[in-house]
Visitor: 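This structure is in structure tokens; I'll ask about it shortly.
In what follows, every chain begins at residue 1, and chains take the letters A, B, ... in the order their sequences are listed. Since the structure is predicted, the reported quantities are computational estimates derived from the model, not experimental observations. Computation of the quantities below employed the complete heavy-atom set of this structure, encompassing side-chain atoms and omitting hydrogens, waters and symmetry-equivalent molecules.
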Number of protein chains: 2
Amino acid sequence: MRAVTDRLTHLRSDARDNRERILEAARAVFAADGLDAPMRKIARTAAVGPATLYRHFPTKQELVTEAFSERMRACYVVVDEGLADPDPWRGFSTVIERLCELQSRDRGFTAAFMSSYPGAMDFAADRGHALGSFAALARRAKEAGRLRADFTLDDLILVLMANGGIQAPSPAARVAASRRFAALAVQAFRASPDAAPLPPAARLAFVAA
Amino acid sequence: MRAVTDRLTHLRSDARDNRERILEAARAVFAADGLDAPMRKIARTAAVGPATLYRHFPTKQELVTEAFSERMRACYVVVDEGLADPDPWRGFSTVIERLCELQSRDRGFTAAFMSSYPGAMDFAADRGHALGSFAALARRAKEAGRLRADFTLDDLILVLMANGGIQAPSPAARVAASRRFAALAVQAFRASPDAAPLPPAARLAFVAA
DNA sequence: AGTCAAACGGACGGTGGCGTCCGTTAGCGT
DNA sequence: ACGCTAACGGACGCCACCGTCCGTTTGACT
């Protein structure tokens with residue numbers, strides 16, 4: 001870690017500048033067009049030559065990882081805040097709603113969070129931690145009798161993947177649709193005396209792009 | 001319609017043959033790779049030159065429309081069968097489950113059913129009819145007090161789009177995940193004394209690809 | 001101010017999908 | 001059996017994206 005920091009600090013001023021502009025452009029373009037946006041477009045948006053882009057981020061994975069690390073952290077914050085809620089069910093619902101909202105605002109984020117990109121190893125640790133926290137939250141919500149007992153972590157992945165499939169003519173409409181979807185998901189997860197049993201969960205994590 | 005039939009019957013035998021093989025190939029490729037599979041691949045699968053493919057189906061829309069019209073009909077059958085069920089709630093649930101299953105087995109089908117392709121006008125009529133039937137079914141399920149009153153047709157679209165976002169390492173896993181998802185959706189739509197109100201529905205229909 | 005290497009970006013060759021042209025093949029009707 | 005034309009498909013030019021090379025610029029250090 002020390003070495004990396006050194007390397008970044010030792011960058012020439014224009015290089016550090018460009019690097020920052022590239023990351024900003026990547027976030028904007030990925031949010032608008034999804035993860036498969038052409039590298040060129042990001043370079044153009046950053047007002048930078050293709051070579052410069054590739055020099056800073058030799059592979060698209062590295063760019064994605066770097067560009068989304070901030071939002072990824074926001075994601076973990078959401079989970080931790082949910083965990084901190086004294087009412088575990090309210091915490092649980094809020095996490096689902098906020099994660100869906102984060103995703104719906106940013107087309108690329110979904111895929112990134114899924115760590116669809118193999119080799120986005122940098123995320124793995126934090127992701128594992130967030131999933132752990134969420135598992136604890138779910139357990140408490142179950143113990144409080146508010147979350148259905150057959151809820152699985154894979155159901156969270158399922159909902160987030162499904163949420164990622166939602167399209168709409170405008171970003172605003174997509175956010176609205178996603179909001180309703182999240183509310184429906186919460187309804188589905190609610191413990192209820194007359195709830196029907198669910199078919200078995202499928203192992204989902206770590207799908208390749 | 002008469003003219004079209006004539007034109008098709010008047011096709012030379014090899015042409016009719018190729019046309020059939022192209023449609024078969026298109027179904028296979030679309031199912032495996034989704035709607036954005038390259039035309040070339042379909043031509044190769046059908047053991048046909050590109051020109052032949054384009055002669056039969058000048059635009060991808062036409063090919064999609066033609067290739068999926070059969071499954072599309074299967075889709076309407078599902079809705080009609082649901083409508084025929086004396087128990088409207090069971091009918092409703094079954095329709096959701098079966099539609100999700102149809103979709104999960106065929107990557108291209110989702111997009112096709114959404115009529116994401118503008119200009120797939122041929123579907124419009126049938127689609128309208130199916131949506132009408134489903135609306136009637138939903139109304140009856142509401143009147144029976146089993147379906148939540150704030151359910152909208154757009155919620156069906158929402159669920160189907162979301163279902164389309166589900167990915168998994170293997171087709172089998174995707175079907176399993178989709179099955180569980182459908183069950184969750186049904187739970188969410190169930191009328192319940194302690195159900196929370198939902199955020200407003202968003203107009204979704206006819207999203208461009 | 002002068003030097004030097006770090007950083008830049010225009011330009012290139014390669015790949016893959018697209019839709020069309022046109023010389024060739026082979027069904028069909030006489 | 002024969003000719004006519006519908007139908008075929010290889011080959012072409014086009015365009016977008018990819019990743020890299022290399023001549024030029026410019027920040028940093030003395």
Side-chain angles (χ1 to χ4, degrees), chain A residues 3-26 28-30 32-67 107-108 111 117 119 209, chain B residues 3-26 28-30 32-67 107-108 111 117-119 208-209:
Chain A
V4 173
T5 307
D6 278 7
R7 173 139 349 184
L8 289 187
T9 340
H10 290 163
L11 275 181
R12 231 170 60 179
S13 61
D14 55 344
R16 198 148 11 90
D17 221 53
N18 278 336
R19 186 188 163 85
E20 210 38 63
R21 296 225 314 290
I22 289 174
L23 284 174
E24 200 171 336
V29 172
F30 283 147
D33 297 3
L35 273 201
D36 47 5
M39 291 291 255
R40 269 356 208 243
K41 181 163 182 181
I42 295 170
R44 249 174 294 134
T45 306
V48 148
T52 301
L53 173 53
Y54 281 106
R55 191 169 325 105
H56 282 286
F57 307 97
T59 110
K60 193 180 247 189
Q61 279 90 328
E62 294 183 44
L63 177 57
V64 169
T65 308
E66 205 63 43
R107 290 180 55 76
Y117 268 95
Chain B
V4 173
T5 307
D6 278 5
R7 171 137 353 180
L8 290 186
T9 341
H10 288 163
L11 275 181
R12 232 170 60 180
S13 61
D14 55 344
R16 201 149 6 91
D17 222 53
N18 278 336
R19 187 188 162 85
E20 211 40 63
R21 295 225 313 292
I22 289 175
L23 284 174
E24 200 171 334
V29 171
F30 283 147
D33 298 3
L35 273 200
D36 47 6
M39 291 291 256
R40 266 5 206 238
K41 182 163 182 179
I42 296 170
R44 249 174 294 136
T45 305
V48 147
T52 301
L53 172 54
Y54 281 107
R55 190 169 324 104
H56 283 286
F57 306 98
T59 107
K60 193 180 248 189
Q61 279 92 328
E62 291 182 45
L63 178 56
V64 168
T65 309
E66 207 62 43
R107 290 179 55 77
Y117 268 95

Visitor: Can you measure L53(B) atom CG to dT20(C) atom P for me and round it to whole angstrom units?
Guide: 12 Å

Visitor: Only counting residues at least two apart or in another chain, list the ones meeting side chain to side chain donor-acceptor pair (under 3.5 Å) with D17(B).
Guide: none

Visitor: D33(A) and K41(A): which non-hydrogen atoms are nearest, and at how many Å?
Guide: OD2-NZ, 2.7 Å

Visitor: For residues A32(B) and R107(B), report the shortest heavy-atom separation together with the two atoms involved.
Guide: O-CD, 3.2 Å

Visitor: May I have the step-by-step check of side chain to side chain contact (heavy atoms under 4.5 Å, CB included) for F57(A) and T65(A), ending in yes or no?
Guide: CA-CA 10 Å; F57(A) 307 97; T65(A) 308; over 6 Å; no

Visitor: Under 4.0 Å, counting only non-hydrogen atoms across every strand here, what does S13(B) touch: a base, just sugar-phosphate, or nothing?
Guide: sugar-phosphate

Visitor: Could you grab the distance from atom CG of L11(A) to atom NE2 of H56(A), nearest 0.5 Å is fine?
Guide: 6.5 Å

Visitor: Going 5' to 3' along DNA chain D, between which two nucleotides do contacts with chain A fall, using a heavy-atom cut-off of 4.0 Å?
Guide: dC17(D) to dA28(D)

Visitor: How close do F30(B) and L35(B) get, heavy atom to heavy atom, and via which atoms?
Guide: CE2-O, 3.5 Å

Visitor: Can you measure N18(B) atom CG to dT25(C) atom P for me and round it to whole angstrom units?
Guide: 17 Å

Visitor: Whole-Å distance between dA26(C) C1' and D14(B) CG?
Guide: 7 Å

Visitor: Do you know which two heavy atoms are closest between L53(B) and V48(B), and how far apart they sit?
Guide: N-CG1, 3.9 Å

Visitor: Between R40(B) (CZ) and dG17(C) (P), how many Å, whole number?
Guide: 9 Å

Visitor: Please report the shortest heavy-atom distance between D14(A) and R12(A), naming the atom on each side.
Guide: OD2-NH2, 3.0 Å

Visitor: 5'-most contact on DNA chain C: G49(A) or A51(B), nearest heavy atom basis?
Guide: G49(A)

Visitor: Can you give me the N/O atom pairs linking the protein to nucleotides 4-6 of chain C at distances under 3.5 Å, or say none if there are none?
Guide:
{"unit_1": "dA6(C)", "atom_1": "N3", "unit_2": "R12(A)", "atom_2": "NH1", "d": "2.5"}

